[in-house]
There are 2 protein chains.
Amino acid sequence: MPGAVPSASGGLPDKRRAISQAARRVFGREGYARASLDVIAAEANVAKRTIYNHYAGKEQLFLSVAIEGADAVTEAVRVLMERHLRKIVDLEEDLIAFCLDRAKAVTEFPDHFALVRTIHAEVTRLPDAVLERWTAHGPPSAHKRLAPYLQKIADRGLLEFDDAEKAANRLNTLTTNDVLIRSFYGAVPLPEPVVEETITEGVQAFLRLYAPPSAAPHQQN
Amino acid sequence: MPGAVPSASGGLPDKRRAISQAARRVFGREGYARASLDVIAAEANVAKRTIYNHYAGKEQLFLSVAIEGADAVTEAVRVLMERHLRKIVDLEEDLIAFCLDRAKAVTEFPDHFALVRTIHAEVTRLPDAVLERWTAHGPPSAHKRLAPYLQKIADRGLLEFDDAEKAANRLNTLTTNDVLIRSFYGAVPLPEPVVEETITEGVQAFLRLYAPPSAAPHQQN
DNA sequence: CACGGGATGCACTGGTGAGTGCAATTGTTG
DNA sequence: CAACAATTGCACTCACCAGTGCATCCCGTG
């Protein structure tokens with residue numbers, strides 16, 4: 001009955017993977033309290049009892065899935081940064097492409113961002129250790145990882161700032177965060193053209209703030 | 001046993017007010033699914049049966065409280081705009097004072113913002129009509145209400161932009177939203193000095209973007 | 001003082017869900 | 001084939017909670 005590949009290959013023992021994927025889906029869709037282990041088991045094609053062979057209980061399962069998701073997104077963003085920001089051809093174009101891809105991830109991984117909303121709702125009930133891992137591994141750490149790239153770009157004279165982390169946070173704020181908030185973290189997706197306009201204008205604003213006064217900045221909004 | 005003032009004075013019939021306040025607290029603290037009407041009744045010093053005399057059920061109660069809260073915040077923001085943005089003395093100072101007060105509201109009304117987190121989590125399950133009322137009455141409408149004030153300021157030549165709503169959204173993005181996101185919507189409050197720094201620098205960035213090139217802009221971050 | 005409406009306490013129904021125990025089954029490995 | 005571990009199905013306990021019905025009580029009003 002299991003998929004096709006036996007559990008021979010590396011990675012998680014097959015069942016565990018199915019459980020964690022189903023859990024991410026269900027927790028995202030239903031929230032923590034509503035989500036039931038029976039449903040998760042059903043969607044994973046697994047006996048409820050099996051879940052308890054892999055996880056201590058509901059809470060443990062949720063936390064595990066949350067951290068996994070955070071790491072996955074962090075990794076995805078890292079790839080995007082490598083792709084768009086390693087070699088700069090046209091700074092404005094590259095930044096827009098990067099931020100757009102990043103914003104699109106919101107609508108392309110609805111499971112994960114549904115989970116993000118759930119985590120926000122549960123934040124006050126989360127164990128401190130988990131909250132720390134979340135802020136360290138998850139979305140909140142995005143601008144920390146962006147900072148070195150901006151620093152390198154600044155070293156080449158294409159940007160100008162004192163504090164790379166603040167600049168990174170500002171870019172985030174002007175683009176991704178704006179889209180995130182206005183779309184309720186992806187729950188009510190913005191129309192594609194609106195996303196593009198928001199990102200483009202956000203990047204342009206960022207460049208007006210941080211580009212050295214050499215190349216003429218583009219027009220105002 | 002009820003408080004002191006009889007239900008003689010205007011406003012809601014006393015009990016109803018107690019219920020709605022307790023409901024806001026409990027829904028905010030526990031989330032929708034966890035919150036139990038027994039607990040709400042207990043915290044309101046009211047019999048559970050009484051809740052059903054005023055509200056059709058749990059869902060109705062939640063929605064009612066949510067909309068009430070949204071209206072309250074909208075009103076509070078309106079007052080702040082009147083206080084700080086009606087008569088401009090020093091634009092930078094006034095904007096900072098306004099945004100600071102606005103941001104402080106997050107930490108001063110934890111009940112409400114806890115509710116906001118809950119609503120985010122429930123957004124996908126909310127009836128369309130309620131979601132519309134929320135976006136129209138609640139936080140998302142803040143920049144719409146801010147726009148006319150900025151427009152008046154621009155008419156006096158202190159700001160320069162084509163689209164007042166976009167400018168308003170940008171100010172929001174650079175100040176309040178930044179604080180909101182970084183504090184998990186008030187769940188993990190930022191230290192006061194950090195809030196001040198964030199707001200100040202956000203306003204300064206806003207002015208660099210939208211102030212006409214007359215008065216020398218302040219220093220970069 | 002009699003009346004009536006809201007408030008109260010309480011018991012009860014029906015439903016759901018976390019977590020467990022166990023015996024039977026399946027797949028893997030030597 | 002035999003031993004072993006993971007998986008499964010299922011029944012069961014315990015707890016919680018939305019919503020209801022009802023008899024009682026407390027209140028201000030006429």
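Note: hydrogens, waters and symmetry copies are ignored here, and every other heavy atom, side chains too, is used.
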Practice prompt. Ignoring hydrogens and angles, answer whether the base of D:dG21 and the side-chain atoms of B:R49 contain a donor-acceptor pair closer than 3.5 Å.
Written response: yes
Worksheet item: Do A:K48 and C:dG19 have a side chain to base donor-acceptor pair shorter than 3.5 Å?
Response: yes
Discussion item. Base, sugar-phosphate or nothing for B:A35? Non-hydrogen atoms, less than 4.0 Å.
Written reply: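 B:A35: backbone/sugar contact only, no base atoms under 4.0 Å.
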Worksheet item: Considering only side-chain heavy atoms of A:N53, which listed nucleotide, C:dA18, C:dA7, D:dT7, is closest?
Response: D:dT7
Worksheet item: The side chain of B:S36 lies closest to which of these nucleotides: D:dC17, C:dG19, D:dG9?
Response: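 Nucleotide nearest to B:S36's side chain: D:dC17.
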Rounded off to whole Å, could you give me the [atom1]-to-[atom2] distance for the [X] and [N] pair?
| X | N | atom1 | atom2 | value |
| --- | --- | --- | --- | --- |
| A:I19 | D:dT7 | CD1 | C1' | 10 Å |
| B:L37 | D:dT20 | CG | P | 11 Å |
| A:R16 | D:dA5 | CZ | P | 19 Å |
| A:I51 | C:dG17 | CD1 | C1' | 13 Å |
| A:E59 | C:dG19 | CD | P | 9 Å |
| A:F62 | C:dG19 | CZ | C1' | 19 Å |
| A:Q60 | C:dA18 | CD | P | 15 Å |
| B:R34 | C:dA18 | CZ | P | 11 Å |

Discussion item. Is any side-chain heavy atom of A:V130 closer than 4.5 Å to one of A:E122?
Written reply: no
Worksheet entry | The single option from B:I199, B:V179, B:N172, B:L146 passing side chain to side chain contact (heavy atoms under 4.5 Å, CB included) against B:R102 | B:N172
Item to complete: With A:T173 as reference, evaluate A:T175, A:N169, A:L171, A:T176 under the side chain to side chain contact (heavy atoms under 4.5 Å, CB included) test and give the passing residue.
Response: A:N169
Strictly below 4.0 Å: does [X] bring a side-chain N or O up to OP1 or OP2 of [N]?
| X | N | result |
| --- | --- | --- |
| B:T50 | C:dT8 | yes |
| B:H54 | C:dA7 | yes |
| A:K58 | C:dA18 | yes |

Item to complete: May I ask you to decide whether A:R17 forms a salt bridge with A:E68, counting only side-chain N to carboxylate O separations under 4.0 Å?
Response: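 No, no charged N to carboxylate O under 4.0 Å.
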Discussion item. Give me each pair satisfying side-chain hydrogen bond (donor to acceptor under 3.5 Å, both in side chains) with a member in residues 50-59 of chain B, each pair once, sequence neighbours excluded.
Written reply: none
